[in-house]
Amino acid sequence: DQMPDAIRERVKNHPCYSEEAHHHYARMHVAVAPACNIQCNYCNRKYDCANESRPGVVSELLTPEQAVRKTLAVAASIPQMTVLGVAGPGDPLANPARTFETFRMLSEQAPDIKLCVSTNGLSLPDCVDELLQYNVDHVTITINAVDPEIGAQIYPWIYWNNRRMRGVKAAKILIERQQKGLEMLIERGVLVKVNSVLIPGVNDAHLKEVSRVIKAKGAFLHNVMPLITEPEHGTYYGVMGQRAPTQRELTELQDACGDMNMMRHCRQCRADAVGLLGEDRGEEFTLDKIDALD
Ligand code: SF4
Ligand code: SF4
């Protein structure tokens, strides 16, 4: 694969970023971020954000204090827990007070735990300085398009500068903000992974270009995730019969982006996932159980 040694060293105990580490190290997500500042056609707001998580599951929403208590309880019983992420259920950076309060408390109370965050990127340029204060060294940006015409088929609206904006104009602003946020993070030495949702007939032919652009700007990993169209998740907004990609289409695209380091073991975890990738011990650490520990 294409990962430079210096980056490999930095991610060696991060289960998501190192194929080897995902058997030995655990991660957890805390769901502290309910709001979102854009609409993705594949999102159903009743469920978790597809920036990072498997859409179609509902997470237990926590306050920052509850999230910290939960993290400390998990870290005490799962010593391999190296990474704490905020990944939803909405967009973490559209909830800056809740997300940053969680990071602030954790950076004080559990400085050894690495922090990461996923975002649609709209607020990212405004948040980079604060992210750096809490030693957030991994950020995931979901970038589904670099062409506003294609973006407009994925994002019906954004809410930006106190206004709702629609269409190609809105997609153009979102894409510019994502790219600017990506550049700012790379400049400051933050590791950036890019997630893209593969939507057949919408951005399938375009994602190679996305991969090329983000690699050129210095993202270290590209994670192409299949659109999930399970019945309980509802239809792709406004499009009847939008289908998910086949495993073969996904693999072919990942192979076609061969110049970039591609992530192939993402499990699209829940916004409140706990444990090794592929296992979910969240049920052991629900709030009532953690409250009972006090
Ligand atoms: Fe839904 Fe996440 Fe998209 Fe927001 S960014 S609309 S929460 S999928
Ligand atoms: Fe890692 Fe993917 Fe799960 Fe995020 S959703 S914790 S990147 S495996």
Side-chain angles (χ1 to χ4, degrees), residues 29-62 85-99 102 116-127 131 139-146 148 150-160 163-167 170-182 192-199 202-203 207 210 223-230 232-239 242 244-245 266-273:
H29 287 165
V30 285
V32 296
C36 194
N37 48 6
I38 70 172
Q39 176 70 59
C40 302
N41 271 334
Y42 49 71
C43 181
N44 178 334
R45 288 297 173 78
K46 283 195 298 229
Y47 302 114
D48 286 345
C49 172
N51 277 340
E52 185 73 357
S53 315
R54 171 167 287 268
V57 289
V58 186
S59 295
E60 183 180 42
L61 188 67
L62 307 181
V86 176
D91 187 77
L93 300 185
N95 302 260
R98 296 172 62 98
T99 297
T102 305
C116 67
V117 65
S118 61
T119 179
N120 62 46
L122 183 62
S123 296
L124 182 56
D126 303 328
C127 295
L131 286 172
V139 173
T140 297
I141 314 173
T142 299
I143 300 179
N144 295 316
V146 290
I150 294 172
Q153 298 172 50
I154 302 172
Y155 309 106
W157 55 258
I158 68 171
Y159 191 81
W160 194 60
R163 293 198 298 139
R164 195 175 303 263
M165 303 175 70
R166 296 176 188 278
K172 185 163 181 285
I173 289 169
L174 176 62
I175 289 166
E176 284 168 2
R177 301 279 293 172
Q178 291 170 334
Q179 296 297 321
K180 180 165 180 218
L182 169 60
V192 181
K193 164 173 138 254
V194 170
N195 282 351
S196 301
V197 180
L198 171 56
I199 310 166
V202 178
N203 68 350
L207 284 180
V210 171
N223 177 23
V224 178
M225 309 183 296
L227 175 72
I228 294 177
T229 54
E230 279 157 17
E232 68 270 22
H233 182 231
T235 50
Y236 187 82
Y237 188 82
V239 180
Q242 174 63 50
C266 179
R267 304 296 175 93
Q268 294 179 274
C269 307
R270 300 170 57 112
D272 58 2

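If you read the sequence from its start, that first residue is 1, and numbering goes on from there. Owing to the predicted nature of the structure, the values given are computational and were not obtained by experimental measurement. Below, each value reflects all heavy atoms present in this structure, side chains not excepted, and no hydrogens, waters or symmetry copies. Indexing begins at 1, ligand by ligand and atom by atom, following the structure's order.
- For N41 (side chain) and Q153 (main-chain N/O), a donor-acceptor pair under 3.5 Å exists by modelled atom type.
- The proximity of C40 to ligand 1, defined as any non-hydrogen pair under 4.0 Å, involves the side chain as well as the backbone.
- Between C36 and N120, the closest side-chain pair of non-hydrogen atoms falls below 4.5 Å.
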side-chain contact (heavy atoms from CB on, under 4.5 Å) between C40 and V197, intermediate numbers included: CA-CA 11 Å; C40 302; V197 180; over 6 Å; no
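- In terms of protein heavy-atom proximity, atom 2 (Fe) of ligand 1 is closest to C49 SG, 2.2 Å.
- Taking 4.0 Å as the cut-off, Y155 does not count as a neighbour of ligand 1 on heavy-atom distance.
- Proximity to C43 (heavy-atom distance under 4.0 Å) selects the following atoms of ligand 1: 1 (Fe), 6 (S), 7 (S), 8 (S).
- Within the listing of ligand 1, atoms 6 (S) sit less than 4.0 angstrom from a heavy atom of Q39.
- Listed by atom number, the atoms of ligand 1 under 4.0 Å from Y42 heavy atoms are 8 (S).
- Atom numbering of ligand 1 starts at 1 in the shown order; those under 4.0 Å from a heavy atom of N120 are 5 (S).
- Near C36, the atoms of ligand 1 lying under 4.0 angstrom from a non-hydrogen atom of the residue are 4 (Fe), 5 (S), 6 (S), 7 (S).
- With hydrogens and angles ignored, the 3.5 Å screen pairs a side-chain donor or acceptor of S196 with a backbone N or O of I143.
- In this structure, Q178 contributes its side chain and T142 its backbone to a donor-acceptor pair below 3.5 Å.
- When atom types are taken as modelled, the side chain of D91 and the backbone of A94 share a donor-acceptor pair closer than 3.5 angstrom.
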